Number of protein chains: 2
Amino acid sequence: MNLEQLRGFATIARVGHFTRAAEALHLSQPSLSRQISTLEHDLGTTLVNRTRGNLTLTAAGRALLPLATRMLADAESIRVEMAELAGLRRGRVRLGAPPTLCVSLVAEVLETYRATYPGIELQISEAGSRMLLEQLTGGQLDLALIVTSEHAVTEPSLTHTEVLVEQLVVADSMQHPRLGQGPVELRDLAMVPQIAFSPSYDLRAATQSAYRTLGLSPNVVIDGGEMDAVLRFVQVGLGVAIVPATALVGRSQLHGRALRSSARKDTDLAQPNLERTIGLAHRRDTPPGAAAIAMRELLLQTAGQLAQRHPQISLRS
Amino acid sequence: MNLEQLRGFATIARVGHFTRAAEALHLSQPSLSRQISTLEHDLGTTLVNRTRGNLTLTAAGRALLPLATRMLADAESIRVEMAELAGLRRGRVRLGAPPTLCVSLVAEVLETYRATYPGIELQISEAGSRMLLEQLTGGQLDLALIVTSEHAVTEPSLTHTEVLVEQLVVADSMQHPRLGQGPVELRDLAMVPQIAFSPSYDLRAATQSAYRTLGLSPNVVIDGGEMDAVLRFVQVGLGVAIVPATALVGRSQLHGRALRSSARKDTDLAQPNLERTIGLAHRRDTPPGAAAIAMRELLLQTAGQLAQRHPQISLRS
DNA sequence: CATGATGCATAGCTTACTGCTATGGAAATC
DNA sequence: GATTTCCATAGCAGTAAGCTATGCATCATG
């Protein structure tokens, strides 16, 4: 018997559905299924009547539920009390991130962080990497996610750790695809209608330089959009866009097709860089507070989960 | 955070000592040490002040203790309530076992079983395998551990599963050793003074037949003893005795030296059998009650642990 | 003052557990 | 009767948690 199993049981009892409960727990259905059957075997009783349509608890299950609920509540109390004693009851974290990361990694992290440390004030600064580094140096930020492959951290008062490497991919619509199966070559992509980002994006510079390296100029049909608008345009089939892999996480209506610079590996031409490295920067001198340390830990952990789930994202640590 | 870690913490808080607490939990000291440091890292606070001599809890530790204790109590309640609903609140198990196993496997199993299901009445029948099989057939036992390598289960109303295979070893005193290092050959052992068991033991027949196979007759100096007496005689140096490996579990003052029948492997002579197989028998017709099933599970589990810890004992499943 | 004993931490390894994907089978729905 | 929905099972991979061996600090002792 362990807390995860009890949490699984309590969730099933609440939603009356294995599959839904698994979703609520961010777990696959078979994992939850086995969690429960392991628990049942361990306790020597069945807990849930699996009748199709509506699950019900057995007598043992009904007896277990209040105890399980209380234990989970106690576990939560422990977390809260310990966090208070560790100085995480109140405080502030100021996190900077480029727009491309705000829609995926940062959104997920903030959701969890808010739930875990509800007393901590959160401030987000969405800007380009150069701007973020300036804000960090000026003390307006505690932590900043930056594109280190574009903007090396040269400022001596700052330091950073690399968090993940993500491929650049071509976002294409599921309903109105512009591309076929398999990886796309940059040279073939140039002719396909493209949606380009606003020049303030690091990503735009990276994309342009990739094309320039191969002596190509893309067929841009819409220019200057922000992330959400661009992805929306792609979705309705106006064209495709080159985006980092994390920007497509959780967008089931878009497909991220792998990007290849050239089919011929024996060419002597310089190959454009089709991936980017994300780092987490902070000041070297000022020791980060407990709230910032917790944020950093959570960012690294969540990045690890992303990398595990998506082949186009990998860890760098 | 998990229940094992909380149990570790609570035990340390109780006994004020890592090493002692580890013993109380049947755990190695490093395992407990890491359990606590993992918990501390997870909760983001130190819980224990490691000052030599007397450990004290930090403020966070003092805050954690009552919650941890309550969760552990709840976990225990769950076990008890589920056991009651599964029909293990009251009942009876009648277990038979040969004397050689009662001192080790059975003792350990009964200790755990009694703690887990205090309402179940336990009856132990200590006898030879033949007698046990009769009692099982006659309905005077629910389960019996028997030496299947000596007494095959031929009775059609019975069935059995093999539990473990154990080597026969030579018990020798630590303080007054009769033997040198390394494995002993049966032929060399014959001259060393021996303590022999009472003829009612299956073991005695097995030992005698092993000697007879090689045309040897041992130098028996004391005859007819029961298990505890024989081991005691060995311990004070009166002689050595051939015993199954399980009989020496937990007896740190005795050493079990491996037994070999012949150094020459090319001999054509039949080799005596220097191991024995232990099986768990029960009636085929009568379905065992919940109490007996729980006993069976626990026996198999404990046998697995024994096999893991002792190279001369191995599983058979 | 050195020397050994004691007690917790660390390192390296192996096993077990828990997550996943792919797939099976039964019941409900069209 | 085909399809869909929903839970169970199988097989695999990565993490976690156990162990032994060893390190390091502190305290007692010759």
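Protein chains get the first letters and strands the later ones, always in sequence-line order, with residue 1 at the start of each. Computed from a prediction, not measured in an experiment: that's the story for all the values here.
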Base, backbone or nothing for each nucleotide of nucleotides 19-26 of chain D, written B, S, -, heavy atoms under 4.0 angstrom, 5' to 3'? BBB----B
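The separation between E23(B) atom CD and dG18(D) atom C1' is 17 Å, rounded to whole Å. One atom, CD of Q305(B), and another, C1' of dA16(C), lie 13 Å apart when rounded to the nearest Å. Separating the CZ atom of F18(A) from the P atom of dA27(C) is a distance of 16 Å, rounded to the nearest angstrom. Counting to the nearest Å, the C1' atom of dC17(C) and the CG atom of D42(A) are 13 Å from each other. One interatomic measurement links the two molecules: CG of L47(A) to P of dC7(D), which rounds to 16 Å at whole-angstrom precision. With rounding to whole Å, L55(A) atom CG is found 17 Å from dT5(D) atom P. Atom-to-atom, CD of Q35(B) to P of dA16(D) comes out at 14 Å; the value is rounded to the nearest Å. One interatomic measurement links the two molecules: CD of E4(B) to C1' of dA16(C), which rounds to 13 Å at whole-angstrom precision.
Taking only side-chain nitrogens and oxygens, T38(A) never comes nearer than 4.0 Å to OP1 or OP2 of dC17(C). Listed pair R50(B) / dA9(C) meets the phosphate criterion, a side-chain N or O lying under 4.0 Å from OP1 or OP2. A sub-4.0 Å separation between OP1 or OP2 of dA9(C) and a side-chain N or O of S33(B) is present. At dT18(C), one or more side-chain N or O atoms of N2(A) fall inside 4.0 Å of OP1 or OP2 (strictly under the cut-off).
With values rounded to the nearest 0.5 angstrom, R34(B) atom CZ is found 10.5 Å from Q5(B) atom CD.
Closest of all the heavy-atom pairs between D42(B) and M1(B) is OD2-N, 2.7 Å. Here the shortest heavy-atom pairing between L72(B) and L3(B) reads CD2-O, 3.9 Å.
For H17(A), the side-chain atoms get nearest to dC7(D) when compared with the rest of dC7(D), dA8(D), dC8(C). Considering only side-chain atoms of R20(A), the nucleotide from dC8(C), dC6(D), dC7(D) that sits closest is dC6(D).
Using a 4.5 Å heavy-atom cutoff, the side chains of Y117(A) and M295(A) are not in contact. Side chains of V48(B) and T58(B) form no contact here, defined as non-hydrogen atoms less than 4.5 Å apart. In this structure the side chain of F9(B) reaches within 4.5 angstrom of the side chain of L57(B), judged on heavy atoms.
Under the side-chain hydrogen bond (donor to acceptor under 3.5 Å, both in side chains) criterion, T56(A) pairs with N49(A), not counting sequence neighbours.
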